[in-house]
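Numbered from 1 within each chain, the chains take letters A, B, ... in sequence-line order. From a predicted model like this one, the values you see are computed outputs, not experimental measurements.
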There are 2 protein chains.
Amino acid sequence: MRRITIKDLSKFLSLSTSTISRALLNDKNVNEETRKRVLDAAEKLGYKPNLTALNLQSGQSKTIGFVVPEMITPFSSKVLKGIQNILYPLGYRIIITQSDEDPLVERKNLQLMEEFNVDAIIINLCHETQNNDIYEHIMKQGIPMIFFDRIPHKSLDVSKVIIDDYIKSSLMVEYLIKTGRKRIVHIIGPTGIQNAVERLNGYKRILLKYNIFDENLIVHTDGMTFEHGKKAIKQLLSRNIPFDSIFAFSDTLAMGAMNFLLEQKVSIPDEVSIASFSGTELSSMVYPQLTSVQQPLEKMGEAAAELALEKIKNSTFPSRTILMDAELVYRAST
Amino acid sequence: MRRITIKDLSKFLSLSTSTISRALLNDKNVNEETRKRVLDAAEKLGYKPNLTALNLQSGQSKTIGFVVPEMITPFSSKVLKGIQNILYPLGYRIIITQSDEDPLVERKNLQLMEEFNVDAIIINLCHETQNNDIYEHIMKQGIPMIFFDRIPHKSLDVSKVIIDDYIKSSLMVEYLIKTGRKRIVHIIGPTGIQNAVERLNGYKRILLKYNIFDENLIVHTDGMTFEHGKKAIKQLLSRNIPFDSIFAFSDTLAMGAMNFLLEQKVSIPDEVSIASFSGTELSSMVYPQLTSVQQPLEKMGEAAAELALEKIKNSTFPSRTILMDAELVYRAST
DNA sequence: GTGAAAGCGCTAACAC
DNA sequence: GTGTTAGCGCTTTCAC
């Protein structure tokens, strides 16, 4: 019942613990014969190395923190999968916290990460600037922080994984125009997030280019949920502002908007077409399926994990930014 | 940059490490004055206890394994949240793996958990019997296993958190009948899962009771995804079997079914009404919103965590089954 | 009330 | 090629 340790093997084989250790680690300074005996005994007695001891010795916790705004949509789960692909085989644990889009909760989560002695933190933040002080504080402790999707204000020098929100947003809006839409609503994300600004800017640029920009078509929300999407469109309708399409910051917002329109018996995409940013299965689980900018989430997770590893291995490794490509996927909603 | 240890405090204050330790642990055998000095110094130098050392010493990894079939839907995330509520404050890490509904992947995941020296495993399994040998093997190592939602065959004595699938299924089907439906399709889950059998039995019982049971209305799937739901209904339509409603094993299957029907311009709920088992936001993100048996997922996670804790504290603690209540939520799809 | 020392499981210098 | 030993950071006897 008790765990078998290297000491048990040592007694069992009348060998020193160091020889056992060496044999297990494939050190060359071990007789082939001996190694075999050790390996056999280890197998037979069911020896499993004690990671905690290893970690204590190496001074690492072999734990990575993963801090995300939410896990209600599959967005974070997909990124997580990518991170796991890279880190599990290397023996890293991943500890996850959700911030519920609240910078204060994010703060607490980051403190938790510090207590857990994580070797690095991979984070999708809630607010561009509000927690900059802790990000800096944590990095000063020697804990690398890797940002993905939503990144902090330029003033912080950190590694990050992003897509080009500005360009992708422009492309999507231009596509809507090419399908004949002129009154394109933009449901913007929380303005405390740089991506929201970038996507808004892309939207603006195109509408200005085609000379159809109208301030009234921009709808603010104070949150990112389905309900916020619904409310946004509800407001717009009540203000009697005509529109023929919607470009939403996220698929969740888009789905909320769509749901409300369908309740109002508005036909999609005939009367109103809808597009958004996504990368999850959600886009294709609704009817009609949503046209969206499909972010390569799993790949983004893998990239973030790699960035974390390079900082862990060498803390002076210069920060890098990985720009991922995202694909526009045209579905039935446009 | 280097971590402050108890030794640094010891040097700094010219006290032995044991006194420092005692002061930090609020041991009574410390002069109040001394304790104060220690606490102040700890604060000032930024001392943070090294969890790894603690764990080595206590023989625990303070890590819990969480093994789920998938993280595409928010199902597992919600349970995870509940587990975190209980375990994070206690200093436990949680390591998560997805099995992709594949018992072989689940096996590998469980082995990974063993390697990670987890103190307990909380699992939603892929197949009722196929991995019983490892479950037993793991428990024989002294690692408690807590099952939730999908549980192993009765032959295993384990702690579990479940809802009454049979009853809830019956209630939902009876509700459909009361809304005037007579040709109720059941999309069953994988038969390697006890829940699928239970829900099927509940369905059968009611249809038999009302004398409207028809074997043809039961649709098998070989998976749990959205696409499987679509395919199931496609098959049914191609076989020209008339029906006026659907009761699906899961919301994902229901959404697939609904999506296909909407594509075929079938009106919901007028021509076909739909209900399923759920507990996630998905049910209300589609149009029309899905009627479903709403499982208390976060609460289930909390319960599972409690069960894990009692087994960790006392390995001989008898296994318990917690039966949670689930609510029938009537939405627009019926 | 405080200190010295052992020990948790393992690796890595250092001997031989 | 193998053994001895120190040490990772901490708690916990055991002395005093």
Plane angle bin for A:Phe66 and A:Phe148 - parallel if under 30°, tilted between 30 and 60°, otherwise perpendicular: parallel
Close side-chain approach of B:Lys81 to A:Asp100, heavy-atom, < 4.5 Å: yes
For B:Asn117, all residues meeting side-chain contact (heavy atoms from CB on, under 4.5 Å), sequence neighbours excluded: A:Arg3, A:Asn50, A:Leu51, B:Ser61
Euclidean distance, atom CG of residue A:Leu13 to atom P of D:dG1 [Å, nearest integer]: 18 Å
Distance-only side-chain donor-acceptor flag, B:Lys160 / B:Ser319, under 3.5 Å: no
Contact pattern, 5' to 3', of nucleotides 8-16 of chain D - B, S or - by protein heavy atom under 4.0 Å: BBBBBB---
Flag side-chain contact, heavy atom, 4.5 Å: B:Leu80 against B:Ile94: yes
Value in whole Å for how far the C1' atom of C:dC10 lies from CG of A:Leu9: 12 Å
Interatomic distance, A:Leu51 CG vs C:dC10 P [rounded to whole Å]: 10 Å
Protein-nucleotide distance (B:Asn55, atom CG; C:dG9, atom P), rounded to Å: 13 Å
d(CG, A:Asn26; P, C:dA12) in whole Å: 13 Å
Side-chain donor or acceptor of B:Asn195 paired with backbone N/O of B:Asp149 under 3.5 Å: yes
Whole angstrom value for the distance that separates C1' of C:dA15 from CG of A:Asn29: 13 Å
